[in-house]
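Written out below as structure tokens is the structure these notes cover.
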Amino acid sequence: MLFSPLQIRSITARNRIAVSPMCMYSSVEGMPNHWHLVHLGSRAVGGAGIVMTEACAVSREGRISPMDLGIWSDEHAQALQPVVEFIRQAGAVPAIQLAHAGRKAATAVPWLGHKPIYDQPHGWMPLGPSPIPYANGYPPPLEMGTADLKKVVDDFSAAARRANTAGFEVIECHMGHGYLLHSFLSPIANQRRDDYGGSLENRARLPLQVAAAVRESLPQQLPLFVRISCTDWVAGGWDLAQSIQLAKWMKEVGVDLIDCSSGAVTADSPIAAAPGFHVPFATAIREQAGIATGAVGLITEPAQAEQIVGTGLADLVFVGRGFLDNPYWALHAARKLRANADWPVQYARAVGVPRS
Ligand SMILES: Cc1cc2nc3c(=O)[nH]c(=O)nc-3n(C[C@H](O)[C@H](O)[C@H](O)COP(=O)(O)O)c2cc1C
């Protein structure tokens, strides 16, 4: 099953393995470069069915760090085109994750300490639902007003239109990991008293407006994914029951797949990480909201991935660090599972095809 095609709307992936979005922090002013071509391109050559970019900022202020990839102008979209083209030529579906970092924006890249830089010359003030800092050392984000909310919806929608122009065939909106849209969902970060805070309906309003606007910007044949944190792992926070309701609403506005992750709305949430630990969330949402799901998180073994997809626990697996370790994770998985997967003809001799 892992190597059976997955069709969503008019797009068919050659298997059910997706490269999980992973920040490379290697851009200047949001622009892609040779790193992105080689990094994403090699995972497409390596057999993944879907190759998704890292979190791609829909606005300059929505970047996690100054070195994030972005798609806030037509020049960004144009520069992404060769990357998209290469991924497609290598047989994978090119996908992009659209993101706004919210109150977790304006930090140094990990290898420079990942600390807030809002008060430095190259920094900026993060935005959020309420002036509650993410963690010690982070500033209280600027509480977003009506114009800011409208801008976020417009930015996601424009970014989706550009992504389509660049040739991406799957669009994912990042609504997890404590970033802007998750911070609206979670009562831990959202203590607004207007239409965007309080009840579940209100906290889900901005994420749903974003999803609806993105859906409208895309041609009908293209799939729309949404990544969520299925739980905050904190009492009084976001949880699975709310995720299931959100997934039902997301389905109504035209979302096709929920990519199931967890945590990161606070710096100290006790995440119960273990092999496949998000799979039960993906299964519950799939069954109770009636929508396709993907599972991510410590899915490292081909047999484990096969079991997840083959027994209907999720429709798709996202593999992150496994693909950092080995760009050919998918081809090696096929070999282990004795499944059919075409090695690139250029590399045929690696698998014993005689010299012609
Ligand atoms: C270097 C790195 C960068 C990441 N960047 C993103 C990102 O841009 N967007 C996102 O949704 N998750 C991001 N993640 C989380 C991964 O997509 C994935 O959910 C996580 O690593 C768990 O999967 P794994 O155990 O297969 O690595 C990142 C993870 C890593 C290791």
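Fair warning: this is a prediction, and the values are worked out from it, not measured in the lab. These numbers come from the heavy atoms of this one structure, side chains and all, not from hydrogens, waters or symmetry mates. Numbering of ligands and ligand atoms starts at 1, following listing order.
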Lys/Arg-Asp/Glu bridge criterion (N-O < 4.0 Å) met for D256, R215 | yes
For atom 26 (O) of ligand 1, find the nearest protein heavy atom and state the residue, atom name and distance (0.1 Å precision).
-> G320 N, 2.8 Å
Would you confirm whether any non-hydrogen atom of the protein falls under 4.0 Å from atom 16 (C) of ligand 1?
-> yes
Should the pair Y138 and Y134 be assigned to parallel (<30°), tilted (30 to 60°) or perpendicular (>60°) ring geometry?
-> perpendicular
Would you check, one step at a time, whether the test side chain to side chain contact (heavy atoms under 4.5 Å, CB included) holds for E61 with D155?
-> CA-CA 11 Å; E61 67 274 15; D155 285 344; 4.3 Å; yes
Y118 atom OH: more than 12 heavy-atom contacts under 6.0 Å = yes
Where Y196 and N190 come nearest, the two heavy atoms and their spacing | O-ND2, 2.7 Å
Tell me, please: is G297 in heavy-atom contact with ligand 1, that is, under 4.0 Å?
-> yes
Numbering as shown, the atoms of ligand 1 that approach S20 to under 4.0 Å (heavy-atom distance) = 16 (C), 17 (O), 18 (C), 19 (O)
Please state which protein non-hydrogen atom is closest to atom 1 (C) of ligand 1 and give its distance, to 0.1 Å?
-> C23 O, 4.0 Å
Please list, chain by chain and in numerical order, all residues satisfying salt bridge (charged side-chain N to carboxylate O under 4.0 Å, His left out) with R335, sequence neighbours excluded.
-> none
Identity and distance of the protein heavy atom lying nearest atom 13 (C) of ligand 1 | P21 O, 3.0 Å
Look at the aromatic rings of Y328 and H332 and report parallel, tilted or perpendicular, splitting at 30° and 60°.
-> tilted
Counting from 1 in the order shown, the ligand 1 atoms closer than 4.0 Å to a non-hydrogen atom of H177 are 10 (C), 11 (O), 12 (N)
Specify the protein heavy atom at minimum distance from atom 21 (O) of ligand 1: its residue, its atom name, and the distance to 0.1 Å.
-> R321 NE, 3.8 Å
E54 to ligand 1: N or O pair under 3.5 Å?
-> no
Look only at the side chain of T53 and the backbone of Q97, and say whether a donor-acceptor pair between them is shorter than 3.5 Å.
-> yes
What protein heavy atom sits nearest atom 30 (C) of ligand 1, and how far off is it?
-> M22 CG, 3.8 Å
Charged N to carboxylate O below 4.0 Å: is that the case for R205 and D195?
-> no
Any N or O of V296 closer than 3.5 Å to N or O of ligand 1 | no
of all protein heavy atoms, closest to atom 19 (O) of ligand 1 is R227 NH1, 3.1 Å
Check ligand 1 against Q97 and write out every atom of the ligand that is under 4.0 Å from a heavy-atom position of the residue.
-> 7 (C), 8 (O), 9 (N), 10 (C), 11 (O)
Please indicate whether any nitrogen or oxygen in I299 is less than 3.5 Å from any nitrogen or oxygen in ligand 1.
-> no
